[in-house]
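Small disclaimer: the values here were computed from a predicted structure and weren't measured.
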There are 2 protein chains.
Amino acid sequence: MTRRCTSFDVAEGAGVSQSTVSKALRGSEGVSVETRRRVLEVAAALDYRPDQRAVSLRSSATGRIAVVILGDPKIRGAPINSFYMDLLAHVAAAAADHDQEILVSFQHDPANFFASYCQDRIADGIIVIGTARNSAGWRFFAKARSQGENVICWGSPDDVLPTLRCDNHAGAATAVRHLVATGRRRIIFIGPGWRRQHAYRDRRSGYISAMSEQRLPVFEAQASLTGTRELQGYAATLDLMNNDVPFDAIFAASDGLAVGAMQALNKCGRIIPEDVAVIGFDGIGSAPYTVPPLSTVEQNGAVAGSYLVEALHRMIAGEDYQLPAVPLKLIWRASSCASSTNSSSINRY
Amino acid sequence: MTRRCTSFDVAEGAGVSQSTVSKALRGSEGVSVETRRRVLEVAAALDYRPDQRAVSLRSSATGRIAVVILGDPKIRGAPINSFYMDLLAHVAAAAADHDQEILVSFQHDPANFFASYCQDRIADGIIVIGTARNSAGWRFFAKARSQGENVICWGSPDDVLPTLRCDNHAGAATAVRHLVATGRRRIIFIGPGWRRQHAYRDRRSGYISAMSEQRLPVFEAQASLTGTRELQGYAATLDLMNNDVPFDAIFAASDGLAVGAMQALNKCGRIIPEDVAVIGFDGIGSAPYTVPPLSTVEQNGAVAGSYLVEALHRMIAGEDYQLPAVPLKLIWRASSCASSTNSSSINRY
DNA sequence: CTGTTAGCGCCTTCAA
DNA sequence: TTGAAGGCGCTAACAG
């Protein structure tokens, strides 16, 4: 295996100096057309490629951003909320638009938290996406930020870190009004069990506002804190039925909870949406493909991804930046409305 | 904003030379205990952190691997098969075990293919995970490999690149035998529409073998090539019913197809599993949460992830490596068996 | 327009 | 045990 070829080799081949090669290849001013042509030719012939580590070392920025997916503080390999994975793809697309590479790290265990991306010159900033439930994780990244890391996040339970989110209150209220408009009165809110988080509080308050507007009774069910979102939704819904709580609709604080709720309803022979309408929140990729298709308050993942990247860039550049609310859209599918065109209204589920 | 601190600053603070600092921090031989202690102390006080770019430039390897998710050659933002996203998480975990960072890139459009990770010293090798349908993509990465990139993949339609996969033939045969054992006779195979791929051919041949063993008639439905897997499965299944093809079970070549098939069955009032049993292939994360829960031939994603990383390391090291088959497990849920404990058998779906 | 000279921050011989 | 010097491969001033 032969030595890697460097800009010196190209220089020699083209009969010029190394610095001229550098200028020629990067299109700097001050190189004659003829020289540039010859350099490019030799570089191509030698299949020369600059070592990006050296390029980066000389310049200042790394051209990379780190994306950390913060999972539940459980055993390794716990399933990640699929909305986060969708968001990851959108962040990657947005980063690619800025010619940035992304480094991805899945973290959940305090023993393996890592955030020194900027300090170690591994990346220029960090986007943390994850579950509010990993408090130790959020504390860790908040501390990293105070030590100079550039951090923007999605999913933080609080506002210690600059956090992007949608208008959860408004989204929840819209969902509830939709249920009311289609004739539902006993609408139950299924919360995530973990109350100390921003998104939950806002979705809950949106639910309460909308119910109060209509003078309808508020009823909340709380998921237990263990297991996946789906299992939590499943258990919470089963509880409701076992306790003979009357209800004709469920507004779940997340799509995962809603999916679990639908399983439980089905298990007990409740027909969706005839007996119970269900609507979730997030807009996970599988929502259109559940049985019946799940209505949801969809967060615009593409916009969220680009806002995150944009804000991080501004933070890195030391500019002022703001985190606008991510747009929401009520997606009305068969789970909440028997007459939706999106699915048949006469089936049993 | 003050200048970043380097090993020279530590040297000055500790009253030693820069090279001594380097040795002390990296635990090399030939530094007195007392000197090392002082260096460590000053380094900590100054919060010194080596610039990883410089470290990497001096060494040879980058300590990074690139993971490319190859999507359908369609518009940007097309949803990624969720099994690939799961696999990505497992690859990340395996890479972390080897103290490697991973660079992630979602690629689908020939205009933006990029594979020069090794040549540009961005990473030491590439793991390509993706859909067989992106032929241009697979050709691109095959060419990159011939130009010196280290590439291992999952999902390639052929064997031009070193490809990890499970024993698709055996897995399919197992699934079919399970259906036969539970009394099904008219079992339909729903293929992905794109026949020129290894996994499809093997799953199909496994189906045919198992059916032939039992002297049962083979019947294949092909999905159209457009849209998501789910939509393809939906349309193919609808076609079957519209054409009054009799069947009591569906073996879908992938979970996505199976999810779509379940939607179609439900739309037409067919009860799962009483009227039609359904089983998929892959083991996507949402399979336990469909209604009814989806039986599937589950590929061990954790093992797949570690095999991919392991094989890539051996390739990088120039060692011999082999790609063993990834283990499969038949997961028997309610969609294929009314008496499963995993769900109720008396419900209507 | 081109070449020379310094580094970027670190690791690694080789002398002292 | 320590330090001086020479790169890793490149960019960027500054001379010529």
Side-chain angles (χ1 to χ4, degrees), chain A residues 1-40 42-43 46-64 116-124, chain B residues 1-40 42-43 46-64 116-124:
Chain A
M1 173 162 157
T2 149
R3 202 180 103 274
R4 227 183 112 76
C5 109
T6 75
S7 50
F8 283 92
D9 300 314
V10 177
E12 193 179 324
V16 296
S17 77
Q18 182 272 333
S19 64
T20 301
V21 170
S22 176
K23 285 176 204 150
L25 290 178
R26 303 186 23 274
S28 302
E29 291 295 308
V31 180
S32 75
V33 180
E34 168 54 19
T35 306
R36 165 163 297 132
R37 197 194 53 70
R38 210 165 64 252
V39 169
L40 289 176
V42 175
L46 262 49
D47 195 25
Y48 166 70
R49 318 214 109 228
D51 184 323
Q52 293 307 125
R53 298 171 300 181
V55 170
S56 164
L57 183 57
R58 274 305 336 224
S59 334
S60 39
T62 66
R64 252 170 267 143
S116 318
Y117 292 98
C118 304
Q119 287 193 49
D120 292 352
R121 287 292 191 264
I122 293 170
D124 303 323
Chain B
M1 173 163 156
T2 150
R3 204 181 101 275
R4 230 183 108 76
C5 108
T6 74
S7 51
F8 283 92
D9 300 315
V10 178
E12 193 179 325
V16 296
S17 77
Q18 182 271 332
S19 60
T20 301
V21 170
S22 177
K23 286 174 200 153
L25 291 178
R26 303 189 22 277
S28 303
E29 291 294 309
V31 180
S32 74
V33 180
E34 168 54 16
T35 306
R36 164 163 297 132
R37 196 194 55 68
R38 210 165 64 253
V39 168
L40 289 176
V42 174
L46 263 46
D47 195 25
Y48 166 70
R49 318 213 109 227
D51 184 324
Q52 292 309 124
R53 298 171 300 180
V55 171
S56 165
L57 184 59
R58 287 295 339 222
S59 341
S60 39
T62 65
R64 251 171 267 142
S116 319
Y117 292 98
C118 304
Q119 287 193 49
D120 292 352
R121 288 290 191 264
I122 293 170
D124 302 324

Could you tell me whether the side chain of A/Leu57 reaches within less than 4.5 Å of the side chain of A/Arg53, counting heavy atoms only? no
Stepwise, does the side-chain contact (heavy atoms from CB on, under 4.5 Å) test hold for B/Val33 with B/Arg37? CA-CA 6 Å; B/Val33 180; B/Arg37 196 194 55 68; 5.5 Å; no
Nucleotide-resolved protein contact map, nucleotides 10-16 of chain D, B/S/- at heavy-atom distance under 4.0 Å: BBBB---
Tell me: CG of B/Leu46 to P of C/dG9, nearest whole Å? 14 Å
Would you give the length of the straight line joining atom CD of A/Gln119 to atom SG of B/Cys5, rounded to the nearest 0.5 angstrom? 9.5 Å
Interatomic spacing from CG in B/Leu40 to CG in B/Leu25 - rounded to 0.5 Å: 6.0 Å
Among all residues two or more places apart in sequence or in another chain, which pass the side chain to side chain donor-acceptor pair (under 3.5 Å) test with A/Arg58? none
In degrees rounded to 10°, what angle is found between the helical axes fit to the five outermost pairs at each end of the helix from C/dC1-D/dG16 to C/dA16-D/dT1? 50°
Just verifying a value: how many Å separate A/Arg4 CZ and A/Arg49 CZ, rounded to the nearest 0.5 Å? 9.0 Å
Look at B/Thr20 and D/dG3 and indicate whether a side-chain polar atom (N or O) is within less than 4.0 Å of OP1 or OP2. yes
For B/Glu12, does the CD atom sit with more than 12 other heavy atoms under 6.0 Å from it, leaving out its own atoms? no
Answer with base, sugar-phosphate or nothing: what part of the nucleic acid does A/Ser56 contact at a heavy-atom distance below 4.0 Å? nothing
From OG (A/Ser116) to CG (B/Asp47), nearest 0.5 Å: 8.5 Å
Would you kindly give the CZ-to-P distance between B/Arg53 and C/dC11, to the nearest whole Å? 14 Å
Please step through side-chain contact (heavy atoms from CB on, under 4.5 Å) for the pair B/Gln52 and A/Thr62, ending with a clear verdict. CA-CA 10 Å; B/Gln52 292 309 124; A/Thr62 66; over 6 Å; no
Assign each of B/Gly15 and B/Leu57 to its nearest nucleotide of DNA chain D by heavy atoms, then name whichever residue's nucleotide is nearer the 5' end. B/Gly15
How long is the line joining CD of A/Gln52 and P of D/dG9, in whole Å? 14 Å
Whole-Å distance between D/dG9 P and B/Asp120 CG? 14 Å
Give one of base, sugar-phosphate or nothing for A/Ser60, where a contact means two heavy atoms less than 4.0 Å apart. nothing
